[in-house]
Peer 1: 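If you scroll down you'll find the structure; I have some questions about it.
Chain A is the first sequence line, chain B the second, and so forth, proteins listed ahead of strands; every chain is numbered from 1. No hydrogens, no waters, no symmetry mates; every other heavy atom, side chains included, goes into these values.
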Protein chains: 2
Amino acid sequence: MVARRKESEEALNQLFRALADSTRRDILARSLTETPSVSDLAARYEMSFAAVQKHVAVLERAGLIKKRANGREQLVSTNRARLKRAGELLDYFESIWRQRMAQLDDVLLPKGK
Amino acid sequence: MVARRKESEEALNQLFRALADSTRRDILARSLTETPSVSDLAARYEMSFAAVQKHVAVLERAGLIKKRANGREQLVSTNRARLKRAGELLDYFESIWRQRMAQLDDVLLPKGK
DNA sequence: TTAACGTACAACCAAATGGTTGCACGTCGA
DNA sequence: TCGACGTGCAACCATTTGGTTGTACGTTAA
């Protein structure tokens, strides 16, 4: 249901790692409402263009953003489905807990009711 | 509301980074339903005790688990509130999007209705 | 047609990460 | 009481990460 069985652990590692950096979270939030070019983004941070470009690449590899070419520009937009997926994953941990508690109930309570 | 304003970016980095490792996610899931000792955990993975201990330390620093001493053992349990927090954070990204869309509506539509 | 722009990528570097082994020390059980 | 157990921590190592500068190359505008 949640786990589409064998969404590689590596992919999840990448997903969460991509979120583990303030600059990347900011890029992500920004690309949620706008569709900035990589240079647009680079202009907003106190680091080199190449550094920002690398952050964008990390987000892209994690599947959290998409790039679309427009002439010489690359326009960045957030992949909301993928972002949502990260949230679901965390909910999943909660659900594991609920499930097991339910199973425990099954053991402790008479079957019928 | 969500952002308790100045939950340090560093803390968020730590939170997501802690989640970005399969072994740690497994420890987390396991500690959600049981309260294993560090050795119990270590026995389940093909790495040294010290390595597992380090993973536990990472989770603890991120606030995702708590340890409780019981004689010579340290019993590990998940801090569900903190885990939930990570999920909320991701929802927050979604909400940013919704908010901005709403603001856009404010601009585009007559005020009253 | 050229200069400037936007991007990609390689080479390099310091610091952090994820693993190891070894040692110290308190606790428990025989 | 004493050996084994559970833990914490330091030292070490290889790899990854997050940053830099420099170069190359297609695109755009004057």
Peer 1: Could I get the full list of side chain to side chain donor-acceptor pair (under 3.5 Å) partners for B/Asn79, not counting sequence neighbours?
Peer 2: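 Not a single residue meets the side chain to side chain donor-acceptor pair (under 3.5 Å) criterion with B/Asn79.
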Peer 1: Determine the contact category for B/Thr23: base if any of its heavy atoms lies under 4.0 Å from a base atom, sugar-phosphate if only primed atoms, P, OP1 or OP2 are that close, otherwise nothing.
Peer 2: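 Since no nucleic acid heavy atom lies under 4.0 Å of B/Thr23, the category is nothing.
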Peer 1: To the nearest 0.5 Å, tell me how far B/Leu59 CG sits from B/Leu41 CG.
Peer 2: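 Here the interatomic distance stands at 9.5 Å.
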Peer 1: For B/Thr78, enumerate each residue passing the side chain to side chain donor-acceptor pair (under 3.5 Å) test, keeping only those at least two apart in sequence or located in another chain.
Peer 2: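 Partners of B/Thr78 by the side chain to side chain donor-acceptor pair (under 3.5 Å) criterion come out as none, since no residue qualifies.
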Peer 1: Please identify each residue that fulfils side chain to side chain donor-acceptor pair (under 3.5 Å) with B/Asn13, with sequence neighbours left out.
Peer 2: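 Residues passing side chain to side chain donor-acceptor pair (under 3.5 Å) with B/Asn13: A/Ser22, A/Arg25, B/Glu10.
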Peer 1: Between residues 40-56 of chain A and DNA chain D, which residues have a heavy-atom gap below 4.0 Å?
Peer 2: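 Heavy-atom contacts with DNA chain D come from A/Met47, A/Ser48, A/Ala50, A/Ala51, A/Lys54, A/His55.
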Peer 1: Any side-chain heavy-atom pair from A/Ile27 and A/Thr23 closer than 4.5 angstrom?
Peer 2: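 Heavy-atom side-chain distance check passes, below 4.5 Å.
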Peer 1: Would you please confirm or rule out a distance under 4.0 Å between OP1 or OP2 of D/dG18 and any side-chain N or O of A/Arg24?
Peer 2: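 Affirmative; the distance criterion is met.
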Peer 1: Quick one: do A/Val56 and A/Leu83 end up in the same hydrophobic cluster if we chain Ile, Leu, Val, Met, Phe, Trp and Tyr together by side-chain heavy atoms under 4.5 Å apart?
Peer 2: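 Shared cluster, yes.
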Peer 1: Closest nucleotide of DNA chain C for A/Val38 versus for A/Arg17: which of these residues is on the 5' side?
Peer 2: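 So the residue in question is A/Val38.
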Peer 1: Nucleotide range of DNA chain C contacted by chain B, 5' to 3', under 4.0 Å to a heavy atom?
Peer 2: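 Terminal contacting nucleotides, 5' to 3': C/dT17 to C/dC28.
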Peer 1: Atom CG in B/Leu75, atom CD in B/Glu34: separation rounded to 0.5 Å?
Peer 2: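 CD of B/Glu34 is found 11.5 Å from CG of B/Leu75.
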Peer 1: Give, ordered by number, those residues of residues 57-71 of chain A having at least one heavy-atom distance below 4.0 Å to an atom of DNA chain C; if nothing qualifies, reply none.
Peer 2: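 Under 4.0 Å from DNA chain C: A/Lys67.
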Peer 1: Roughly how many Å is it from CD in B/Gln74 to C1' in D/dC9, rounded to a whole number?
Peer 2: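 Rounded to whole Å, this separation is 14 Å.
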Peer 1: Can you tell me which residue pairs pass the side-chain hydrogen bond (donor to acceptor under 3.5 Å, both in side chains) test with a partner in residues 41-68 of chain A, sequence neighbours excluded?
Peer 2: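 Checked against side-chain hydrogen bond (donor to acceptor under 3.5 Å, both in side chains) - neighbours excluded - the pairs reaching residues 41-68 of chain A are A/Arg24-A/His55, A/Asp26-A/Tyr45.
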Peer 1: For A/Asp21 and for A/Arg72, find the nucleotide of DNA chain D with the closest heavy atom, then tell me which residue's nucleotide is more 5'.
Peer 2: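 Closest to the 5' end, via its nearest nucleotide, is A/Asp21.
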Peer 1: Could you tell me whether the side chain of A/Val58 reaches within less than 4.5 Å of the side chain of A/Leu64, counting heavy atoms only?
Peer 2: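 Heavy-atom side-chain distance check fails, nothing below 4.5 Å.
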Peer 1: Quick one: pull up CG in B/Asn70 and OG in B/Ser37 and give me the separation to the nearest 0.5 Å.
Peer 2: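 Between atom CG of B/Asn70 and atom OG of B/Ser37 there are 9.5 Å.
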Peer 1: Specify the closest pair of heavy atoms between B/Ala62 and B/Leu15, including all atoms of both residues, with the distance to one decimal.
Peer 2: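 Answer, listing the atom of B/Ala62 first, then B/Leu15: CB-CA, 4.1 Å.
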